[in-house]
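To start, the structure under review is shown below, and the notes come after it.
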Amino acid sequence: MAEVVIVENAAAAGALVATEIVELIDRRPDAVLGLATGSTPLPVYLALRTQLAGHDVSQVRGFALDEYVGIDPAHPESYRSVITREVVEPLGLDPRRIHVPNGAEATIQHAGDDYEAAIAAAGGVDLQILGIGTDGHIGFNEPGSSFASQTRVKTLTEQTREDNARFFDSIDDVPRHCITQGLGTILKARHLVLLAFGEGKAQAVADAVEGPLTAFLPGSAIQLHPHATVVVDEAAASRLRLADYYRYTFANKPSWQGI
Ligand code: GLP
């Protein structure tokens, strides 16, 4: 099962995951990070600003999970813009080493295959950061996505469009299609770190970690991964049946292990 770490708040989660990433980069200067968008990973990126100071990040590589189809890359809410604003610029990463799926309509038919080839050429993702949607989606893999799926175009559910409308002037501006790493792509990363905060994510977290394996709840795919870590606050952990066991396990974890 995934290791579940219950922390006091989002800032503590950010600090914990940032420490793991800094150790990875120190060990492997050209580490390949799997970058997620949405509000959930922001505390990690914020903590990295401080924790990475003085460390060499010039070789760090990265692959974003997903992108909207047909959005102008310069639009402030394209995932290309979000990754540039929240990750590349504040952390001083080399933009040429940070990749985002290409959502341009002209090349969309082979954009998924191109992205898979680029990840493979980089040697795969070392640490994949993940959020989770209220319907259990990871990346933009909506309910029903195959556990074997690769990077491809998906149609967003109305719920996801409504959830993401807060970033746009109106829901009519939220694209209907996206290009996302598949669940099979995500499962190839060497370490998955899924974060979730707040009561609104509690059911999705419980279903992903303790529910049955089902494509209907894409986050449950993490149960197939040999090294998956779920970092949640108390509210997001509130529906976990084995919460006490997770607390006990983490409190008694050997210090050499990391997350
Ligand atoms: C979007 C992203 C996902 C993210 C999800 C949750 O759909 N494509 O990668 O996990 O939103 O967003 P938030 O973290 O803002 O709750």
Side-chain angles (χ1 to χ4, degrees), residues 2 9-11 13-14 17 33-47 62-71 75-83 85-87 98-103 112 115 125 127-145 149 151-168 171 173-183 185-187 189 192-209 217-222 228-233 235-237:
N9 51 39
V17 176
L33 303 179
L35 302 166
T37 49
S39 48
T40 304
L42 295 179
V44 177
Y45 304 143
L46 195 62
F63 287 89
L65 273 175
D66 44 14
E67 177 60 289
Y68 294 108
V69 169
I71 196 169
H75 187 292
E77 293 308 328
S78 77
Y79 284 173
R80 162 67 69 188
S81 294
V82 173
I83 292 287
R85 192 168 61 234
E86 304 292 350
V87 185
I98 308 300
H99 308 271
V100 179
N102 181 358
Y115 206 61
V125 170
L127 185 149
Q128 176 64 58
I129 300 168
L130 296 167
I132 188 163
T134 52
D135 62 359
H137 73 255
I138 55 176
F140 265 141
N141 293 282
E142 298 284 26
S145 295
S149 51
T151 306
R152 71 225 183 282
V153 172
K154 288 289 287 181
T155 305
L156 298 174
T157 63
E158 277 309 290
Q159 181 173 347
T160 298
R161 291 185 70 240
E162 282 164 22
D163 285 350
N164 290 5
R166 67 189 193 279
F167 298 114
F168 293 82
I171 189 160
D173 295 339
V174 184
R176 291 180 193 282
H177 295 97
C178 62
I179 174 166
T180 180
Q181 287 191 32
L183 296 176
T185 317
I186 292 168
L187 287 173
L192 303 183
V193 180
L194 187 149
L195 299 106
F197 309 119
E199 172 64 29
K201 299 291 176 75
Q203 193 59 50
V205 168
D207 290 342
V209 175
L217 199 293
S220 67
I222 64 169
T229 310
V230 174
V231 185
V232 285
D233 65 5

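Whatever order the structure lists ligands and atoms in, that order sets their numbers, starting from 1. One-based numbering along the sequence shown. Values below: every heavy atom of this structure, side chains too, minus hydrogens, waters and symmetry copies.
Shown in contact with G131 at under 4.0 Å from a heavy atom are these atoms of ligand 1, numbered in order with element: 10 (O). Contact atoms of ligand 1 toward G38: 14 (O), 15 (O) (distance under 4.0 Å to a heavy atom of the residue). Distances below 4.0 Å separate heavy atoms of I132 from the following atoms of ligand 1: 6 (C), 10 (O). Under a 4.0 Å criterion applied to the non-hydrogen atoms of Y79, ligand 1 contributes the atoms 1 (C), 2 (C), 8 (N). For ligand 1, the atoms sitting less than 4.0 Å from at least one non-hydrogen atom of F140 are 1 (C), 7 (O), 8 (N), numbered in the order shown with element in parentheses. In summary, the atoms of ligand 1 found under 4.0 Å from a heavy atom of N164, numbered by their order in the structure, are 1 (C), 7 (O).
H137 NE2, 4.0 Å is the protein heavy atom nearest to atom 11 (O) of ligand 1. In this structure, atom 16 (O) of ligand 1 lies nearest to the protein heavy atom K201 NZ, 2.6 Å. Atom 4 (C) of ligand 1 has T37 O, 4.2 Å as its closest protein atom, hydrogens excluded (heavy atom only). Looking only at heavy atoms of the protein, atom 14 (O) of ligand 1 is closest to T40 OG1, 2.5 Å.
In D66, the part holding a heavy atom less than 4.0 Å from any atom of ligand 1 is the side chain.
Checked by atom type and distance alone, the side chain of D233 pairs as donor or acceptor with a backbone atom of G198 at under 3.5 Å. One N or O on the side chain of S149 and one on the backbone of L183 form a donor-acceptor pair closer than 3.5 Å. The main-chain N or O of H99 is found under 3.5 Å from a side-chain atom of Y115 such that the two form a donor-acceptor pair. Under the 3.5 Å distance criterion, the side-chain polar atoms of K154 are left unmatched by any main-chain donor or acceptor of F140.
A centroid separation of less than 6.0 Å is found between the aromatic rings of H75 and F168.
Checked by atom type, the side-chain pair T157/E142 shows a donor-acceptor distance below 3.5 Å.
Comparing G139, A36, G200 by heavy-atom distance to atom 9 (O) of ligand 1, the nearest is G139.
F197 is listed as a side-chain neighbour of T40, based on a closest heavy-atom distance under 4.5 Å. Between L65 and Q181 there is a side-chain heavy-atom pair separated by less than 4.5 Å.
Residues passing the salt bridge (Lys or Arg N to Asp or Glu O under 4.0 Å) test with R152, sequence neighbours excluded: none.
The closest approach between a heavy atom of R166 and any atom of ligand 1 is below 4.0 Å.
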